[in-house]
Amino acid sequence: MINAEITGWGKCMPPNVLSNHDLEQIVDTTDEWITTRTGIKERRISHVDTSEMAYVAGMRALSAAGKTPEDIDLLIVATCSGDSIIPSTASIVQKKLGASGAAAMDLNSACSGFVYSMVVASNMIKGGANKTALLIGAEKLHYVTDYTDRATCILFGDGAGAVVMEATEEPHGVMATDLGNDGTIYDLLQVPKDGTMGEPGQRDPQMQAISMQGQGVFKQAVTGMAESATISMGKAGVGLEDVDLLIPHQANVRIIDATARRLGLDDSKVFVNIHSYGNTSGATIPVALTEALEQGRIQPGSTVVFAAFGAGMSWGSMVYKWGSRVDPLATPEIDLPPTDQTTMDILSANFDFFGMPEKLA
Ligand code: UT7
């Protein structure tokens with residue numbers, strides 16, 4: 001029977017850092033509040049477009065798999081902050097890669113986007129439509145972040161991660177999946193007028209930034225991830241004792257802790273890197289997976305559970321049995337173009353558009 005397995009992985013985090021101490025200079029907040037309420041210490045702010053981070057992460061994943069861009073027949077970019085709506089960011093990434101033989105599409109289910117992409121790609125591979133897929137989660141969330149709003153600007157960051165998925169007949173790979181969405185509560189988290197909800201030509205800064213009902217999202221997140229993971233584990237016939245590592249969406253360390261408690265999973269089996277990057281939406285899962293492999297947290301034969309939730313409100317999970325290789329086949333000499341801009345230089349465009357934060361005025 002054909003299954004889908006992950007054969008390559010990589011990430012691309014832009015070099016500019018926005019720390020909690022930097023945010024103390026911008027909005028009425030403290031490092032202590034952000035750390036205790038979210039677990040975040042710093043996040044990255046990108047000087048390049050989403051597609052450029054996606055390209056670098058994608059090339060790194062391809063190298064790790066021993067593949068070239070010509071080898072892929074499917075390219076999915078999970079993003080809710082892509083370069084453009086038309087064309088898809090995937091089309092721009094395809095051009096950068098030179099992946100001329102691939103079908104290409106964006107997949108937007110916000111922070112659940114990467115799990116959704118893995119489910120879609122694995123089913124296309126299992127069904128025989130595709131053999132080798134490159135899946136990239138990439139976000140430039142600072143673009144839709146209003147740095148006068150202390151409730152949201154402390155949370156989000158930029159970055160990209162990617163995996164290569166290939167067909168296999170070996171007894172590992174995707175074991176079970178679950179996806180869901182509840183559109184009746186879509187307004188808990190939104191960029192209200194980022195699309196056709198706005199009037200043509202209208203530029204209303206208040207409506208083009210992320211707005212969020214934090215506590216409502218928090219509750220949905222914990223239930224969504226825990227219930228979905230339980231469903232996938234049930235389908236896979238996997239008990240808690242069989243799980244080696246949970247890789248959850250990184251939105252808030254308290255959400256991650258509450259999800260693990262609800263599942264009954266020990267902290268030692270949960271991967272957390274939110275302190276370094278904040279919430280990078282569709283990118284958190286592939287970035288976390290890459291770091292889990294780099295840190296030896298995944299071993300041959302490990303059972304890994306992925307779980308995510310996001311705007312929509314969407315959720316999804318996957319139980320995955322790792323194969324024998326946990327090291328990349330190669331690491332390419334590729335990186336983002338360097339920049340002389342400071343983090344504040346990059347954010348100045350946000351200050352101009354959304355409003356100058358009081359502390360900087
Ligand atoms: O991928 C999905 C993305 N979104 C999320 O995952 C968000 C989920 N929600 C959360 O992570 C949390 O709800 C937040 C971190 C956003 C907020 O934490 P909270 O514990 O729910 O705080 P709260 O909204 O209940 O606010 C408590 C207080 C308020 O002050 P008062 O009304 O009690 O005087 C806020 O004004 O904290 C205040 N506050 C802040 N204080 C210092 C809100 N933001 C800040 C801040 N610094 N940055």
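Remember, it's 1-based here, ligands and their atoms both numbered in the order they're listed.
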Ligand 1 contacted by [X] (non-hydrogen, < 4.0 Å):
X: T152; answer: no
X: I34; answer: no
X: V27; answer: no

Near [X] [atom1], under 6.0 Å, is it more than 12 heavy atoms from other residues, nucleotides or ligands?
X: K219; atom1: NZ; result: no
X: Q295; atom1: CD; result: yes
X: L329; atom1: CG; result: yes

As an exercise, identify every atom of ligand 1 less than 4.0 angstrom from a heavy atom of [X].
X: H249; answer: 1 (O)
X: C111; answer: 1 (O)
X: I154; answer: 48 (N)
X: A251; answer: 1 (O), 6 (O)
X: I255; answer: 6 (O), 8 (C)

Determine the minimum heavy-atom distance between [X] and [Y], stating which atoms define it.
X: S314; Y: S109; value: OG-O, 3.0 Å
X: K131; Y: I125; value: O-CD1, 4.2 Å
X: A160; Y: A283; value: CA-CB, 3.9 Å
X: V272; Y: I256; value: CG2-CG2, 4.0 Å

State, with a plain yes or no, whether a side-chain heavy atom of F218 is found less than 4.5 Å away from one of L188.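 When only atoms from C-beta onward are counted, L188 and F218 do not touch, as no gap falls below 4.5 Å.
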[atom] protein-contacted, heavy-atom criterion under 4.0 angstrom:
atom: atom 47 (N) of ligand 1; value: yes
atom: atom 32 (O) of ligand 1; value: no
atom: atom 39 (N) of ligand 1; value: yes
atom: atom 14 (C) of ligand 1; value: no
atom: atom 1 (O) of ligand 1; value: yes

Report the part of [X] (side chain from C-beta onward, or backbone N, CA, C, O) that has a heavy atom under 4.0 Å from ligand 1; answer both or neither where that applies.
X: N252; result: side chain
X: D28; result: backbone
X: L189; result: side chain

Can you find a side-chain donor-acceptor pair between [X] and [Y] that sits under 3.5 Å?
X: E291; Y: Y277; value: yes
X: S91; Y: S88; value: yes
X: T280; Y: E139; value: no

Around [atom], find the nearest protein heavy atom and jot down its residue, atom name and distance.
atom: atom 18 (O) of ligand 1; answer: R254 NH2, 3.5 Å
atom: atom 17 (C) of ligand 1; answer: W33 CH2, 4.0 Å
atom: atom 5 (C) of ligand 1; answer: V217 CG1, 3.6 Å

So, the side chain of D182 versus the backbone of M313: is there a donor-acceptor pair under 3.5 Å, distance only? no
Any donor-acceptor pair under 3.5 Å from R325 side chain to T7 backbone: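 Confirmed, R325 side chain pairs with T7 backbone.
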Using distance alone, decide if ligand 1 has a nitrogen or oxygen within less than 3.5 Å of any nitrogen or oxygen in G214. yes
Would you check whether T38 has a nitrogen or oxygen atom less than 3.5 angstrom from a nitrogen or oxygen atom of ligand 1?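 Looking only at distances, the answer is no, because the N/O contact criterion of under 3.5 Å is not met.
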Spacing of NZ belonging to K140 relative to OG1 belonging to T145, to within rounding of 0.5 Å: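 Going from the NZ atom of K140 to the OG1 atom of T145 covers 11.5 Å.
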Which one of [options] has a non-hydrogen atom at the shortest distance from [atom]?
atom: atom 3 (C) of ligand 1; options: I210, I40, D31, N279; value: N279
atom: atom 22 (O) of ligand 1; options: R37, M212, E32; value: R37
atom: atom 30 (O) of ligand 1; options: R150, M313, Q215, Q213; value: R150

